[in-house]
Each structure stands twice: as structure tokens, then as C-alpha cells.
A.B. asks: 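Structure provided below as C-alpha cells; questions to follow.
Per chain, numbering begins at 1; letters A, B, ... match sequence-line order. Basis for what follows: all heavy atoms, side chains included, without hydrogens, waters or symmetry-related copies.
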Amino acid sequence: MSKYKGRNIMAVFPAMDVLIDGIKQLQAAGHENFLVYSPLPHHEVERALKRPKSPVRVFTLVGALTGFCTGWGLTIYSVTSYPLIVGGKPLISMPPFGVLAYILTILFGALATMLGFLINARLPQLRLAAEYDERISNDHYGIQIFTEDTALLTKFEKVMVKAGAIDIKKKK
Amino acid sequence: MSFNLSYSKTDRDLTQTLNKPKKWWYVAVTLLGLGVAWGAGSWLHQILTGIGVAGKNNPVGWYLYITTFVFWVGIAHSGTLISAILFLFRVKWRSAVYRSAEAVTVFGLATAGLFPLLHMGRVWVFYWTLPYPQMGGLFPNFRSPLVWDVFAITTYLTVSTIFFITGMVPDVAIVRDKAKGWRKKLYGFLAQGWQGTDNQWRHYTQAYVFLAALATPLVVSVHSIVSWDFAMSIVPGWHSTIFAPYFVAGAIHSGLAMVILILMPMRNAFRLKEYITDHHLESLAKFLLFTASMVGFAYIIEVFIAWYSHNPWEQAIFSYRAFGDFKWAFWALFICNLAFPQLFWFKRFRRSTFTLALVSVAVTIGMFFERFVIIATSLAHEYIPFMWGLPDLTFTEMGIVVGSFSWFFFLFMIFAKTLPVVSMWEVKEQQEPPKANT
């Protein structure tokens, strides 16, 4: 269950430096339940947020290892299930089977990476968040703050405006 | 290389490529469509009449189809080189050109993938190449390089398509946010609900690095495997240990030429000179000069080893290549692939549109000849003089080859008008972010 649900406000910022101010002020207030929107990834934002490393790498590793085992497994199974000497070569011929294991390592690794990205990034989504601001993909930034405490939301609204937000959207 | 532009201007300039097409676009697409129709008609004729209508025969069983197959797989390689390898090395100038290069990869493979099918006598049983237990539970022979090829090409197409689509998601979201009406719905669907949250970017950037890391070994392996289709045999001129690096170098050489050839008219037609600058083309030209040196080295080593080996068949085939029936193609490939790129030692030639176009066309033709010479001459002049023979060039085969070129450029033209040809978010990454307190 995502923690980014329920009552929230979206503060839209015109620039990155004021966005970082907004993030720092929220963190200073001890609030961590918020999302940051940006037109591209910035190291400054990453450093300010201190989020954990993405688990996509685990998907990649598991996918690649599965591919590696599938490559060896498929080729060895194929020759042992129907033993037939071809061209005087050993039944289990390591170099050619290694080629297939190598290719399937990459194929399964890439498919698992894509899957890991989609699962973790919660994609595909049929609908955008109602508070999503179309200026964000261009040159604006946003902080979406979640809390069921209306008094706290009102307080954060003021904090965001003070930090430099030019627009506040609310979801009740 | 950094861009002195603003985020807004970048989005405006790079989404205007999707505006309503002009007349020249419709004319080009129609002509290419006719070329595709010629190719499709020729294939239908071949299916209905039999594979004999193609010019290949015994002994030259691999001819223009396999030449064109190897050519298109080669063309595909520069895209992954530019998008994945240069990404891992953090080469900044790649950001403006990699999207088009990736499109060259995907469409090049979509074209190459047709040729093993076109080459089949009975295309309707193409699924016999797939890895499943067939008659009596017998699998395909996994020791055969042709089966490796099926795996390599389908994997390369799958991985490069994933990489291409993943790279495009944030840009499609930009187009969605600017579009109206049915276009908004279409691009909204393609953007998959991308909103640019920190969580999405965190997973995206990691996935992108891993996809690049996975695509990188494919640059080396796919054309190596294609080269082993030849090198694993004992045909003189094919049975060589240098074939893998030789083919990979040639693949990148031809791919770079095709990327330059596509970028030049595109930046003029879409007015993208601020993004695809002379510096970008010059960097590609330097790269082309480097790959020319690599293929040149391979050409010389190949001839040297034939002489040094004291192997009479190896010497005979190289003598046949240089002075036999296809000598015109042999000498043309040296001139096109080696001599022309030497112009790029000089800055003024690297900066000249005419020279860039001339050298790129020469290398594209030269690389086609290179594959032709390797494939056709070796089979035409194998061990026993009794078995020597020449292939025919037929109208059907020519139609299919012309159709493949039309198909590739047709796909590219459709892409150029429906999706962003330059990565907007990565170009913005090279710019100063908007700041309020300056």
C-alpha cells in the first residue's frame, strides 16, 4: 500500500533552488511523507531527499541469473533428452552452449530490469494525479505533501509559499 | 558540450518536429511506400514461384539476401554504441544524437530480421528455427551458429527496443502535457502515466544504467555471432579467428556513416542546428575516422595472414577477390571504407556538410560491398574448380533489397513525425536549471 495517498497539497515551484528550500523546510519540520516532482533528475534533489537506493538492481540481478541458468539448462536438457552426436562433438558442448547462456543472461536481465522499473515506479498508470501540474514536465517543480491532519496541511501550505511556491493545489 | 538554452525553449524547439508534416514529407513517404510495395511484391512473387527466382544458386547459396542482412545488422550497431556505451562513459555530446541513433538500431534490426525469412525457401515454417522440441522431441541444434543468430538478433531487437522506449517515456510525457485533443490521449497512453516524481526518476535512472550496461555487451556479441555464421565453417576466406572483431568494427563503421547521413538532413528539415551542432557531426566524423582505421587494420591483417599462412586455398581466395570476377567490389570497398574517411584528418572536411555527406555515402556503399565480397567471392571460388560458379542478379532479388532500404527509411520518416527525435530531458540535463535566487 502506497503511503502517498489521501489528503494532500501540491506546491508548484518555478525553480530548483526554491524547491530545495521547500524540501529542507519540510524535513526540518520532521515531515517525510511527500513526493517531489521535477522535469529531470537532479543530483541536488537526490542529495536533499536521501531516499534509499532503487531496488531495480535486484530485479536485474535475478533476471540475469535466471537467464544464465535457463541458457545452460535449455541447451543441456535438449541434448540429454534426445542424445544425438552431431559433427563428432561432445553431447554437452560448453563453448556453443555458453554463447546461448550469455545471450539469455542479457535478454532476461533486460526484461527483468524493465519489469522492475514498471513495478517500482508504479507504471503504467491510467490516470495522472488530479493535482499533477503540466508545467512540471517543462520547467517547473512540485512538492506533494500528504497528511490527514488538516491543520498540518494548512501550516505546510504557508511554509511552501514562504519557501517560494507560486501555486498550491489541494486535494481534500 | 553544454547548451546555452532554457528548458522552455528546448521543449518548444524539440516538440515542433511533431507539427503537421510539410509536402516534402508526404512525397518522401509515398516514394518510400512504393519502394516497400516493390519489395513486398517481389517477396510475394518469390513465395508463389519458388526461391529459384532469387539469384542465389549452387555454389553461391548465400548472396544478396545474406549480404543485406549482415549490412543491416551492422548499421544497427552504432545506435547502441552511441546510446549505451557513450552513456556509460558519460560522453556529453551523445545526448542530442542518441535518440536518432537508437532509432537507426531498432529500424535496422527490424529490417535485418526480415532477411533470414526472405532467404528461406519455405517461409511458412520459419518457426522451426525457434527453440522448442520439434519432431519426436528433437530441439534445434544449439551448436549451430545459425541458431545462435536467431537468439542474438531477437535478443538485440528486444533489448534495444526496451532501451529505446524506456529512454523516450519522460519525453513523451512532455509532448502529452503540451498536446490537446486526441493527441493528448495518444501521448498520454504512450507516456504510461509518467509524472516525474522523485520515486519514478530514482527507479528510472537506475533501470536506464542497467539497460545500458546490458546493451553494451550486445554491441560486441551480436556481430561477433553473425561473423561466426561464416567463421565456423571451413570455407576459405571465412574460416578466420579475426572475424568477430573485424565484423564488429565494420558494423560500427557503417552505422556511424548511416547516423551522420540521417542527422544531416534531419537537422536542416527540423531546424535543429542549435541542438545537433557542427560539433556533434565533427565528433561523429572523428569516430568514423577511428573505425576506418580499425577496419583498415583488419583488411590488411586478413591479406597478410593469407600470405603468411602458406595456405594455398586462403591465398587463392584473396587473389580471386583482388583480381577475379568481383575485383571491382573489392577495390571499391578499400577506396570507400579506407580512402574517403582519411579526409577527416582535416578539420575543414569534418566541418563541411558536403564532405560529411560524401564520406558517409561512400562508407555506406563500401560496407555493403565489403559484406558482398566476403560472402559471394568465398562461395563462388571454393576448393574444387569443378564447383566454381557465379550467381545471377535477378529483378526479384533487387526488388527485395531496394524494398529493405525503403522500409528502413519509411520507418524512420514515420518515427521522425510521431516521436521526439532528440531527447529533451537529456538535452535539458546539459543546461543550467531554472533558479529564482540569482
A.B. asks: Measure distances from B/Trp194 to the heavy atoms of chain A and classify the residue's part below 4.5 Å as side chain, backbone, both or neither.
C.D. replies: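 Interface part for B/Trp194: both.
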A.B. asks: Counting only heavy atoms not in B/Tyr132, do more than 12 sit closer than 6.0 Å to its OH atom?
C.D. replies: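 Atom OH in B/Tyr132 is packed in, count exceeds 12.
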A.B. asks: What part of A/Ile103 gets closer than 4.5 Å to chain B, counting heavy atoms only: side chain, backbone, both or neither?
C.D. replies: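 Both parts, heavy atoms under 4.5 Å.
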A.B. asks: If you compare all heavy atoms of B/Lys428 against all heavy atoms of A/Ser137, which two are closest, and at what distance to 0.1 Å?
C.D. replies: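 The pair with the smallest heavy-atom distance is NZ-O, 3.0 Å.
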A.B. asks: Between CE of A/Met114 and CG of B/Leu214, what distance do you get to the nearest 0.5 Å?
C.D. replies: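 Output value for this atom pair is 13.5 Å.
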A.B. asks: Can you tell me how far NE2 of B/His203 sits from OG of A/Ser54, rounded to the nearest 0.5 angstrom?
C.D. replies: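 Going from OG on A/Ser54 over to NE2 on B/His203, the span is 5.0 Å.
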A.B. asks: Quick check on A/Tyr102 against chain B: is it the side chain, the backbone, both or neither that has a heavy atom closer than 4.5 Å?
C.D. replies: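 Side chain only.
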A.B. asks: Need one label for B/Thr197: side chain, backbone, both or neither, based on atoms under 4.5 Å from any heavy atom in chain A.
C.D. replies: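 For B/Thr197, the contact with chain A is made by backbone and side chain together.
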A.B. asks: How about B/Trp228 and A/Val99: do any of their side-chain heavy atoms sit closer than 4.5 Å?
C.D. replies: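 Answer yes - side chains close enough.
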A.B. asks: Would you give the length of the straight line joining atom CG of A/Leu61 to atom CZ of B/Phe210, rounded to the nearest 0.5 angstrom?
C.D. replies: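 Spacing of CG (A/Leu61) from CZ (B/Phe210) equals 8.5 Å.
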A.B. asks: Less than 4.5 Å apart, any side-chain heavy atom of B/Trp425 and any of A/Pro39?
C.D. replies: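 Side chain of B/Trp425 against side chain of A/Pro39, heavy atoms only: no contact under 4.5 Å found.
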A.B. asks: Sort B/Ser8 into side chain, backbone, both or neither according to what part of it lies under 4.5 angstrom from a heavy atom of chain A.
C.D. replies: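 Both backbone and side chain.
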A.B. asks: Below 4.5 Å, heavy atoms only, C-beta onward: do A/Asn138 and B/Asp177 meet side chain to side chain?
C.D. replies: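 Sidechains of B/Asp177 and A/Asn138: no contact.
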A.B. asks: Check whether A/Phe13 gets within reach of chain B through its side chain, its backbone, both or neither, counting any heavy atom under 4.5 Å.
C.D. replies: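 For A/Phe13, there is no contact with chain B at all, as no heavy atom is under 4.5 Å.
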A.B. asks: For B/Ala173, is it the side chain, the backbone, both, or neither that has a heavy atom closer than 4.5 Å to a heavy atom of chain A?
C.D. replies: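 The backbone, not the side chain.
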A.B. asks: Tell me, for B/Pro133 versus chain A, whether the close heavy atoms (under 4.5 Å) come from the side chain, the backbone, both or neither.
C.D. replies: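 Answer is neither: B/Pro133 stays 4.5 Å or more from chain A.
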A.B. asks: Between A/Pro52 and chain B, which part of the residue has a heavy atom less than 4.5 Å away: side chain, backbone, both or neither?
C.D. replies: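 The answer is both parts of A/Pro52.
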A.B. asks: Measure A/Val36 against the heavy atoms of chain B and call it side chain, backbone, both or neither at under 4.5 Å.
C.D. replies: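 The answer is both parts of A/Val36.
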A.B. asks: Sort out for me which of B/Gln206, B/Gln200, B/Met232, B/Arg176 touches chain A most, counting heavy-atom pairs under 4.5 Å.
C.D. replies: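 Max contact count across the listed options: B/Gln206.
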A.B. asks: Could you look at A/Leu91 and say if it's the side chain, the backbone, both or neither that has a heavy atom under 4.5 Å from chain B?
C.D. replies: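 It is both, since atoms from each part get that close.
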A.B. asks: Return the minimal non-hydrogen interatomic distance between B/Pro434 and A/Pro14, and the atom names on each side.
C.D. replies: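 Of all heavy-atom pairs spanning B/Pro434 and A/Pro14, the closest is CB-O, 3.8 Å.
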A.B. asks: Check each atom of B/Thr155 against the heavy atoms of chain A and say whether the ones under 4.5 Å are side chain, backbone, both or neither.
C.D. replies: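 Backbone plus side chain of B/Thr155, per the 4.5 Å heavy-atom cut-off to chain A.
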A.B. asks: Counting N and O atoms only, with roles assigned by atom type, does the side chain of B/Trp201 sit under 3.5 Å from a partner on the main chain of A/Ser38, one being a donor and the other an acceptor?
C.D. replies: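 Answer holds: yes.
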A.B. asks: Which atoms of A/Leu118 come close to chain B, meaning under 4.5 Å heavy atom to heavy atom: side chain ones, backbone ones, both, or neither?
C.D. replies: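 When you check distances to chain B, only side chain atoms of A/Leu118 fall under 4.5 Å.
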A.B. asks: Would a distance-only check, ignoring hydrogens and angles, find a side-chain to backbone donor-acceptor pair under 3.5 Å from B/Lys178 to A/Glu134?
C.D. replies: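 Side chain of B/Lys178 to backbone of A/Glu134, a donor-acceptor pair under 3.5 Å: no, none is there.
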A.B. asks: So, taking the atom named CG in B/Asn141 and the one named CG in A/Leu84, what distance separates them when rounded to the nearest 0.5 Å?
C.D. replies: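 Reported value, rounded in 0.5 Å steps: 8.5 Å.
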A.B. asks: With a 4.5 angstrom heavy-atom cut-off, could you sort out which part of A/Thr60 is near chain B: side chain, backbone, both or neither?
C.D. replies: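 Only the side chain of A/Thr60 comes within 4.5 Å of chain B.
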A.B. asks: Test side chain to side chain contact (heavy atoms under 4.5 Å, CB included) on A/Leu107 and B/Phe151 and set out the steps.
C.D. replies: CA-CA 9 Å; A/Leu107 177 65; B/Phe151 276 73; over 6 Å; no
A.B. asks: Side-chain contact, heavy-atom cut-off 4.5 Å: A/Tyr4 with B/Asn199?
C.D. replies: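 Yes, close enough: below the 4.5 Å cut-off.
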A.B. asks: For B/Gln195 and A/Tyr132, indicate whether the former's side chain and the latter's backbone hold a donor-acceptor pair under 3.5 Å.
C.D. replies: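 Not at all, since once roles are kept as given, no pair shorter than 3.5 Å links the two residues.
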A.B. asks: If I measure from the heavy atoms of chain B, does A/Leu19 come under 4.5 Å with its side chain, its backbone, both, or neither?
C.D. replies: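 For A/Leu19, there is no contact with chain B at all, as no heavy atom is under 4.5 Å.
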A.B. asks: Report yes if the side chains of A/Leu40 and B/Pro170 come closer than 4.5 Å at any heavy-atom pair, otherwise no.
C.D. replies: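 No. Closest side-chain heavy atoms not under 4.5 Å.
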A.B. asks: Flag yes if more than 12 heavy atoms outside A/His31 fall under 6.0 Å of its NE2 atom; otherwise flag no.
C.D. replies: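 Counting neighbours around NE2 of A/His31, more than 12 heavy atoms of other residues, nucleotides or ligands fall under 6.0 Å, so yes.
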A.B. asks: Please report the interatomic distance NE2(A/His42) to CG(B/Asp198), rounded to the nearest 0.5 Å.
C.D. replies: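 Rounded to the nearest 0.5 Å, the NE2-CG separation comes out at 12.5 Å.
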A.B. asks: Heavy-atom count check: over 12 atoms from other residues, nucleotides or ligands less than 6.0 Å from B/Ile234 CD1?
C.D. replies: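 Count not over threshold, so no.
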A.B. asks: Give the ring-plane orientation class for B/Tyr204 versus A/Phe117, where under 30° counts as parallel, over 60° as perpendicular and anything between as tilted.
C.D. replies: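 Plane angle over 60°, so perpendicular.
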A.B. asks: To the nearest 0.5 Å, how far apart are CZ in A/Phe97 and CH2 in B/Trp148?
C.D. replies: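 The CZ atom of A/Phe97 sits 10.0 Å away from the CH2 atom of B/Trp148.
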A.B. asks: At a heavy-atom separation under 4.5 Å, does A/Leu128 approach chain B through its side chain, its backbone, both, or neither?
C.D. replies: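 Looking at A/Leu128, backbone and side chain both touch chain B.
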A.B. asks: Identify which part of A/Leu100 has an atom lying under 4.5 Å from any heavy atom of chain B, answering side chain, backbone, both or neither.
C.D. replies: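 The side chain, not the backbone.
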A.B. asks: Compute whether any side-chain donor of one residue and acceptor of the other, for B/Arg143 and A/Ser93, lie under 3.5 angstrom apart.
C.D. replies: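 Yes - a donor-acceptor pair under 3.5 Å links their side chains.
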A.B. asks: Examine whether an atom of A/Ala129 lies under 4.5 Å from a heavy atom of chain B, and if so say whether it belongs to the side chain, the backbone or both; otherwise answer neither.
C.D. replies: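 For A/Ala129, the contact with chain B is made by backbone and side chain together.
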A.B. asks: Which atoms form the tightest heavy-atom contact between A/Leu74 and B/Pro131, and what is the distance?
C.D. replies: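 Looking at all heavy atoms of both residues, the shortest contact is CD2-CB, 4.2 Å.
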